[in-house]
Amino acid sequence: EVSLDLTLEHLTATIPAKTMREVKRAVVWAITGLLLCPRLTAAVNNRENPKSSSLNSEGRWTHEYCVIGAGPAGIQLGYYLETAGRDYVIFERATQPSSFFAKYPRHRKLISINKPNTGSRNAEFNMRHDWNSLLTHRNTDPSLRFPAFDRRYFPSADSLVRYMGNFTEAAGIRVQYRSTVTRVDRQALEGGVQRFSVAVQRDGAAAAEEVTCGVVVVATGLHVPTSFAPNDPDGVLEYYDHAPVDPDNYTNQDVLIIGRGNAAMEFAQEIYGRTARTFLVARTRVKLSWETHYVGHTRGLNNEILDSYMLKSLDGAGYARDVSKMQFRRDRSTGRVLIYNHRNETASDLEPGWYEDIELTRMDRVIACAGWNFDGSIFSDSARPAMKSSRYPEITESFESVNVPGLYFAGTLMHSRDRPKSSGGFIHGFRLDQIEAQHGKHAASRLWVSTGQVPRSSAAPPFGAEAAQCSLARDTGSNGHHLDGSGLVASGRRDDRPVSNVWEPGRRDAPAQLVRPREREVGDLPRRDPD
């Protein structure tokens, strides 16, 4: 091991008789030696712990766990791996954790609940109403909880970015920033062990670096905007990710917004006070979270425009159209956007069969806010996961790809299994789902034993503290009511019983199994009626 402690005291103690000129020469030689030592140089530049990684015979870095993405899911998983002393690395293309939230939502207000005051001193119970904090061994430590950064009920996305940065530093999580994963390959089996080759492009590097990984965990979320390029030959569409957010840009204009999810409703809410008219169009009706009990549907803070629509103002939200069968053209004389529908699906241009959508009239602007998709461009054919849809990979109950062993998904991508019935795609859902991946009845700790570090027959799971915390969270109701409805019962575990034990949308009665009494503590408010 080479020490980098080049302080003046250290130099004085080791070469006290040297002149200043000789000291400078020694420092130059030390720096030269550092630059000629590839392993140590990489360790310093990449912020790695040399003790927890190694070089294989081909000179590639080797890690047991390679996590792609340092968003909330990647950081939460990094915490579990760090506290368990595992060999891992997190690759992040940006310069900070949770870079997605540095830009989105565009108008900076999160839809995740943040309620610091619950009337209870029970930390697990309080976490039930804190949808932004990550789990730790010390949930009572306020410095590691999100409310220390923002106490608003619907907090700012900027506060979440600051919290994630602080958490990453405080927990000592190993993240390599400015490191873009450009390719993931599956290597040939060697001694019955499957490994991955991950190409990582560092900022400023001439070529990508090859890293060998035992397990790859994709925690990149959904970040590719849904495109309508085939429907927009004149390039008239604007998109949620770059349309101006200043409402004054839309003064007295007719604006059509494609989509009816939270992104579309958020944008409409911010501009409808300035526009002449605001319209929303999508294939289906607006789905409200208070009606469906799914937190990903339109939330109350974003649906003010529905009030304007229902009171028969100038705004419209009830237009059902299949946007994939529409075209948007620029009127050369007026500069406005003409909107066409198609009566015959086989036609490919604006010849007979197309007609102008008179109901939507002509718009000044059209903004597409139709959500995001999964970016699978980094996978070679040997490691390409099967897809459930354009947004979600097909995964097992262990959150592993159904066709690529050793390739796992964390965070929003875990939502593939429970959307739109539960909250596995949100922090307050996947922070526990990632524990389920380690300790769940079905998962059987497969994510961790796949590397051979923990025997499959081992009775003691590798993350005992987290497993206990998961059980405690289930029993106190801190997160259980948000998780997958495929068998969550009062005993705080998953099983194979049907979903009739779960309070589903539309059910007025809460199943008795889910109404679990909680021991009162000093300072608790009187118990409220379950309704």
Side-chain angles (χ1 to χ4, degrees), residues 105-107 225-288 298 302-373:
R106 294 295 308 283
H107 296 90
T226 299
S227 173
F228 296 97
N231 312 81
D232 182 26
D234 294 340
V236 299
L237 292 185
E238 301 175 75
Y239 286 85
Y240 176 80
D241 61 330
H242 66 263
V245 296
D246 185 353
D248 289 338
N249 280 283
Y250 307 91
T251 300
N252 205 33
Q253 295 181 355
D254 290 338
V255 179
L256 175 67
I257 295 178
I258 300 174
R260 286 196 190 139
N262 279 293
M265 301 296 279
E266 167 210 332
F267 217 101
Q269 175 150 313
E270 293 297 327
I271 69 173
Y272 85 104
R274 297 286 200 283
T275 61
R277 291 178 299 178
T278 304
F279 299 88
L280 289 98
V281 61
R283 286 180 296 178
T284 59
R285 60 180 288 272
V286 176
K287 297 179 180 179
L288 304 172
T298 300
N302 285 331
N303 65 16
E304 286 181 10
I305 192 172
L306 297 182
D307 188 67
S308 174
Y309 167 66
M310 297 301 293
L311 294 177
K312 304 187 186 307
S313 184
L314 295 175
D315 303 303
Y319 299 103
R321 301 284 192 279
D322 186 348
V323 180
S324 66
K325 299 176 183 178
M326 300 173 68
Q327 278 206 16
F328 306 90
R329 291 294 184 92
R330 178 77 69 188
D331 185 331
R332 303 302 178 185
S333 60
T334 65
R336 305 192 82 190
V337 180
L338 306 180
I339 301 171
Y340 292 89
N341 275 298
H342 198 270
R343 288 193 177 99
N344 183 355
E345 296 182 17
T346 61
S348 60
D349 52 29
L350 293 182
E351 297 174 353
W354 287 97
Y355 66 98
E356 187 175 351
D357 196 322
I358 303 300
E359 188 176 17
L360 289 175
T361 69
R362 302 183 178 195
M363 297 289 163
D364 293 298
R365 305 173 84 153
V366 180
I367 304 174
C369 304
W372 293 268
N373 298 286

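In this structure, Val337 and Arg330 have side chains that are in contact, with non-hydrogen atoms separated by less than 4.5 Å. The side-chain heavy atoms of Asp364 and Val255, taken from C-beta on, include no pair separated by under 4.5 Å. Between Thr278 and Ile257, the closest side-chain pair of non-hydrogen atoms falls below 4.5 Å. The shortest side-chain heavy-atom distance between Tyr250 and Ile367 falls under the 4.5 Å cut-off. Put simply, the side chain of Met363 reaches to within 4.5 Å of the side chain of Asp254, judged on heavy atoms. Residues Ile271 and Gln253 fail the side-chain proximity criterion, which asks for heavy atoms closer than 4.5 Å. Residues Met326 and Phe228 fail the side-chain proximity criterion, which asks for heavy atoms closer than 4.5 Å.
No option in Leu338, Leu256, Asp234 other than Leu256 meets the side-chain contact (heavy atoms from CB on, under 4.5 Å) test with Phe328.
One finds the CH2 atom of Trp372 at 9.0 Å from the OG1 atom of Thr226 (value rounded to the nearest 0.5 Å). Rounding to the nearest 0.5 Å places CG of Leu306 at 9.5 Å from CZ of Arg260. Distance check: Asp241 CG to Cys369 SG gives 9.5 Å after rounding to the nearest 0.5 Å. Atom CD of Glu270 and atom CD of Glu304 lie 8.5 Å apart (nearest 0.5 Å). The OH atom of Tyr240 sits 15.5 Å away from the CD1 atom of Ile258 when rounded to the nearest 0.5 Å.
His107 meets the ring pair (Phe, Tyr, Trp, His ring centres under 6.0 Å) test with Phe267; sequence neighbours excluded.
Using a 4.0 Å cut-off between charged nitrogen and carboxylate oxygen, Asp331 and Arg336 do not count as a salt-bridge pair. In summary, Asp246 and Arg274 do not engage in a salt bridge, as defined by a charged side-chain N under 4.0 Å from a carboxylate O. In this structure, Glu238 pairs ionically with Arg365, as a charged nitrogen and a carboxylate oxygen lie closer than 4.0 Å.
A donor-acceptor pair under 3.5 Å is formed between the side chain of Arg106 and the backbone N or O of Ala243. A donor-acceptor pair under 3.5 Å links the side-chain atoms of Asn231 to the main chain of Val323, judged by distance alone.
Pairing each heavy atom of Tyr272 with each of Ser308, the nearest pair is CE1-CB, 4.1 Å. When all heavy atoms of Gly259 and Leu280 are compared, the closest pair comes out as O-CD2, 3.5 Å. In terms of heavy atoms, Pro233 sits closest to Gln327 at CG-OE1, 3.9 Å.
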